[in-house]
Amino acid sequence: MNLIKELTWRGMLQDIMPGTEEQLNKEMTTAYVGFDPTADSLHIGSLVPILLLVHLQKAGHKPIALVGGATGMVGDPSGKSEERNMLSEEELNKNIIGVRSQLEKFLNFDATLPNAAELTNNYDWFKGISFLDFIRDAGKHITVNYMMAKDSVKKRLEGDSGMSFTEFTYQLVQGYDFYWLYKNKNCKLQMGGSDQWGNIVTGTELIRRKTGGEAFAFTCPLIKKADGGKFGKTEKGNIWLDANKTTPYQFYQFWLNASDSDAATWIKIFTFLPETEINSLIVTHDANPADRILQKKLAEELTKFVHGENELEKAKETTEKLFSNAKASVDSLSVEDLASIEGIVKTNYSAEKIKAGVDILSFLAENSIFESKGAARKMLQNGGVSINREKITDLQMMVDKNNLLHNKFILIQVGKKNNFLIAVE
RNA sequence: GGGCAGUUACCAGAGUGGCCAAAUGGGGCGGACUGUAAAUCCGCUGUCUUUCGACUUCGGUGGUUCGAAUCCACCACUGCCCA
């Protein structure tokens, strides 16, 4: 399989350095992608770089995932309009462990393979390099003029928040990573998001000047929504790959909610389905967009990829229960149905209080569905709250045992998509 | 070290003594329409609260004033220029 051709039709190729394809065709090539340990889990924004590594390995090359323990301490100015806050070392270490364990799920680390994946942490080599060593070894080979010409730097110089020396140095630090991997692991290729292009090129430049060797690079486009919105953010923040932070159900829902135009682009990027299959899916989808064939397939494939078959099934079941009969009365949900709903917010509530009756505002606030009664009131007035699928507009309403489903549950919806299940016992 | 400009809510950005919880735009949330899309339209968006009202906000601390985001002093931070 030709990696470059594969990535091209999938729309995963933005910039590519001349000679990269030849290099890949010539021999098994080692390539790396860097991941930022800014949080203890990766989110779906990191999914594309991960997929680059997976595709690379599938094509018979050797992937290295680099966790930026050192670079994380510096802070990448790319795409940032302001100086970043520094993470404490402790936080950083926690994050590195989290990120590392996730990457392990997606790549094949079987050491018997010639192209087994590898994980590295650039802190391992940076910790032994002194500042003086660094500015002599790396700094001497790259001019400030060169570094200033980078987009990430230029933007910050033109802006009005300035840039610290620390962040200015970032590209050199990242460049040194590439050089180090080139020298020690025969890594000749770096991949990443297109915002990384500048940093990556500094690396190839450093390699060329220090060793006279040749290194290559390509980047993938940054994923955007068709309406220009930020990808991967919802009202609840990032979509994480960690099931504890974003449940598989929420994860599944995120993809299911993709717009038509996004779904067609995303299914190529985020799934491994072959071109012919995707094309026919698109045709089917266009014939009847309301069925959302693309969204469903996208959501299925990805949830399976990230969380596994089991979790996918559960996510689909929950979706089925909460949405497919949304118009039907709640009575159609059995005790088992309700008890086994997974992935949504569940809370317990005291049976005594229900027996006595609670006013709706207190009830919503006490169950942390809203932060305060005031917030609950506003939402109620906006017509955004349903109890057991019936829209509530009466602010005085009392919640009591008549509202219990199967004597035990209360199903609350805020908006169309936010479901809460209260178990009363 | 010197000079100049600035710091307002999630972001951008108006407001330069009372009509300011603070314009406007973006973002976010909710509603209508739909397909759990997109586009469009409508509402909400400091906190708490029985929509009364109370409380806390305009970098920080003090002050002037009946009254301060607005005036004064000092401090902090940021940017630009000079050394």
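Throughout, protein chains are lettered first and strands after them, A, B, ... in sequence-line order, and every chain is numbered starting at 1.
Applying ring-ring contact (aromatic ring centres under 6.0 Å, His included) to A:Phe106 and the options A:Phe272, A:Phe35, A:Phe305 leaves one that passes, A:Phe305. With respect to A:His307, the ring-ring contact (aromatic ring centres under 6.0 Å, His included) criterion is satisfied by exactly one of A:Tyr252, A:Tyr249, A:Phe251: A:Phe251.
Comparing B:C29, B:C48, B:A38 by their nearest atom to the side chain of A:Ser372 picks out B:C48. Closest to the A:Gln253 side chain, of the nucleotides B:U36, B:G30, B:G35, is B:U36. With distances taken from any side-chain atom of A:Lys378 to the nucleotides B:U50, B:C44, B:U36, the minimum falls on B:C44. When distances are taken from the side chain of A:Thr319 to each of B:U36, B:G31, B:U51, the shortest belongs to B:U36. Listed nucleotides B:C29, B:G35, B:U36 differ in distance to A:Ala290; the shortest reach to its side chain belongs to B:G35. Set against B:G30, B:A37, B:U36, the side chain of A:Phe323 has B:U36 as its closest nucleotide. The listed nucleotides are B:A39, B:G31, B:A37; the one nearest the side chain of A:Asn257 is B:A37.
Listed pair A:Lys296 / B:A37 fails the phosphate criterion, with no side-chain N or O lying under 4.0 Å from OP1 or OP2.
In this structure B:G1 sits in a base pair with B:C82, meeting the Watson-Crick or G-U test at under 3.5 Å.
The aromatic ring centroids of A:Trp240 and A:Phe254 lie 6.0 Å or more from each other.
Residues meeting the ring-ring contact (aromatic ring centres under 6.0 Å, His included) test with A:His141, sequence neighbours left out: none.
B:G30 and B:C75 are spaced 44 Å apart, taking the C1' atom of each and rounding to whole Å.
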